[in-house]
Amino acid sequence: MKYAFPDNFWWGSASSALQTEGTREGETTWDYWFAREPNRFHNGVGPQHTSTFYQHWKTDIQLLKQLNHNSFRTSISWARLIPDGIGEVNPDAVDFYNQVIDELNEQGITPFITLFHFDMPMAMQEIGGWENRDVVDAYARYAQICFELFGDRVLHWFTFNEPIVPVEGGYLYDFHYPNVVDFRRAATVAYHTVLAHAKAVQAYRAGHYAGEIGIVLNLTPSYPRSWNPADVKAAHIADLMFNRSFLDPVLRGEYPADLVALLKSYDQLPACKPEDGFLIAEGKIDLLGINYYQPRRVKCRDSAVNPQAPFMPEWFFDNYEMPGRKMNPYRGWEIYAPGIYDILVNLRDHYGNPRCFISENGMGVENEQRFIENGQINDQYRIDFISEHLSWLHKGISEGCNCLGYHMWTFIDNWSWCNAYKNRYGFIQLDLETQQRTIKKSGEWFAATALNNSFDKE
Ligand code: BGP
């Protein structure tokens, strides 16, 4: 069967500043943490060893072109642009981002720019990070500076990438700095991130810039083990905590009442100011980026909660291992392509069918060298993964969902936070020793699909 996509469908990929650029003036939480606990990073490889985009941006953009990208998302590094977070703008950073943006536009590749992709300037973390409302204001100033500097040529802005991940990693589950385990502080961080998002949207609207502004959320559809009411309730609470805590404010301009009531009953609500509600209502977006990697399967808890243990989302559900699920064993994530369709249908039916696109989807695989044939990685598994997801996305579009594009994670194999270079996601293989780039078979497949605006699949 032929799967054809609407005209002007966005074909591209995503990356982020910290994971690709390398060499940087401003310190981030990642640099700080790596210097203290290198053992937390796979093979002790830290954020200075990335795919050298700062040096190779021009040839890398040529490669994007070869992959027939018509759009590409990356982020601006707040710490590079304003090394102490709040002070002077670094002119070298302005030059760098101007060159990248201009070159993308010249090559016919529309730049999609994220303002914050997990890379908190250390100077901002030192004053409390997202727990401090001064950091919210500093971020709003940074966002406004970006709009002024680049807003004439960047028409698609994203305030945050996966804002729940620093909440989970840094304040609940110990996989980002500052390695706190405290739900109330996590809720404060999440809440202040929403305020920061809303302030950036407000500034963007006030400046009457030419483009649109949105956010990128990692949506994990929450599937109950069964239709038993106890399982359904567990899935509902997981959905409130992990999806709707950001989805509702940015699309509806308010939090779900039952999430607020639940947290209130456990005394976990952050401190709110009366004017916050108006601000959040002004944070409604033009465009939603959806990162989809895996579903969340849950069931009602098997055991009673230990009241001495820290309050956690898992007080309300157990994770459920569905028999027969298909796994990506390298990342430990379930592969479930229909999830992409379920997300789009949920947005269509419950959120007014917003303009949206898949801003990340992908498959990280370890030791891909074993698949080299005639000098090229034959990653047929990645082609199968993409085409399967695209076929479900196609079904969503054919049923009226407002999905405008598909971006893969990622372009060139890059540095993946604590996993460093363990799993490779790229269309292009990176040789870590020589920094040589070689297009994988999936890159060729994607280039053809983008060129034809369609692909064939049985
Ligand atoms: C997303 C992030 C990316 C990227 C990707 C792959 O959550 O937006 O930055 O890293 O996941 O995940 P990982 O690198 O953890 O394997």
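Each residue takes its place number in the sequence, starting with 1. All ligand and atom numbering here is 1-based and tracks the order in the structure. All values below were derived from every heavy atom in this structure, side-chain atoms included, with hydrogens, water molecules and symmetry-related copies excluded.
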Practice prompt. State yes or no: are the ring centers of F175 and W417 separated by less than 6.0 Å?
Written response: no
Practice prompt. Would you mind checking if R296 and D239 are paired as a salt bridge, meaning a charged N to carboxylate O distance below 4.0 Å?
Written response: no
Here the atoms of ligand 1 under 4.0 Å from any heavy atom belonging to N161 are 8 (O)
Atom 12 (O) of ligand 1 has as its nearest protein heavy atom Y425 OH, 3.4 Å
Under 4.0 Å between heavy atoms, the region of T410 that gets near ligand 1 turns out to be neither
Does atom CG (N8) have a neighbourhood of more than 12 heavy atoms from anything else shown, all under 6.0 Å? no
Does K326 come within less than 4.0 Å of E388, counting only side-chain N to carboxylate O?
-> no
Report task. Salt-bridge test for E368 and K440: reply yes if a basic N is under 4.0 Å from a carboxylate O, no otherwise. Result -> yes
Note: ligand 1 atoms sitting under 4.0 Å from heavy atoms of H117 are 2 (C), 3 (C), 8 (O), 9 (O)
Atoms of ligand 1 under 4.0 Å from any heavy atom of Y293, numbered from 1 in the order shown, are 1 (C), 5 (C), 6 (C), 11 (O)
- Query: So, for F455 and W445, is the gap between ring centers shorter than 6.0 Å?
  - Reply: yes
Exercise. So, is W333 polar-close to ligand 1, with some N/O to N/O distance under 3.5 Å?
Worked result: no
Near R331 (heavy-atom distance under 4.0 Å), the atoms of ligand 1 are 13 (P), 15 (O), 16 (O)
Tested for side chain to side chain donor-acceptor pair (under 3.5 Å) against H407, the lone hit among S13, S15, S359, S71 is S71
Original post:
Should S416 be counted as touching ligand 1, given the test is an N or O pair under 3.5 Å?
Top reply: yes
Check: In terms of heavy-atom contacts, does CD of E321 have more than 12 from other residues, nucleotides or ligands at under 6.0 Å?
Finding: no
Among Y330, F175, W417, closest by heavy atom to atom 10 (O) of ligand 1 is W417
re atom 7 (O) of ligand 1, the protein heavy-atom contact at minimum distance is E162 OE1, 2.5 Å
re atom 2 (C) of ligand 1, the protein heavy-atom contact at minimum distance is E360 OE1, 3.4 Å
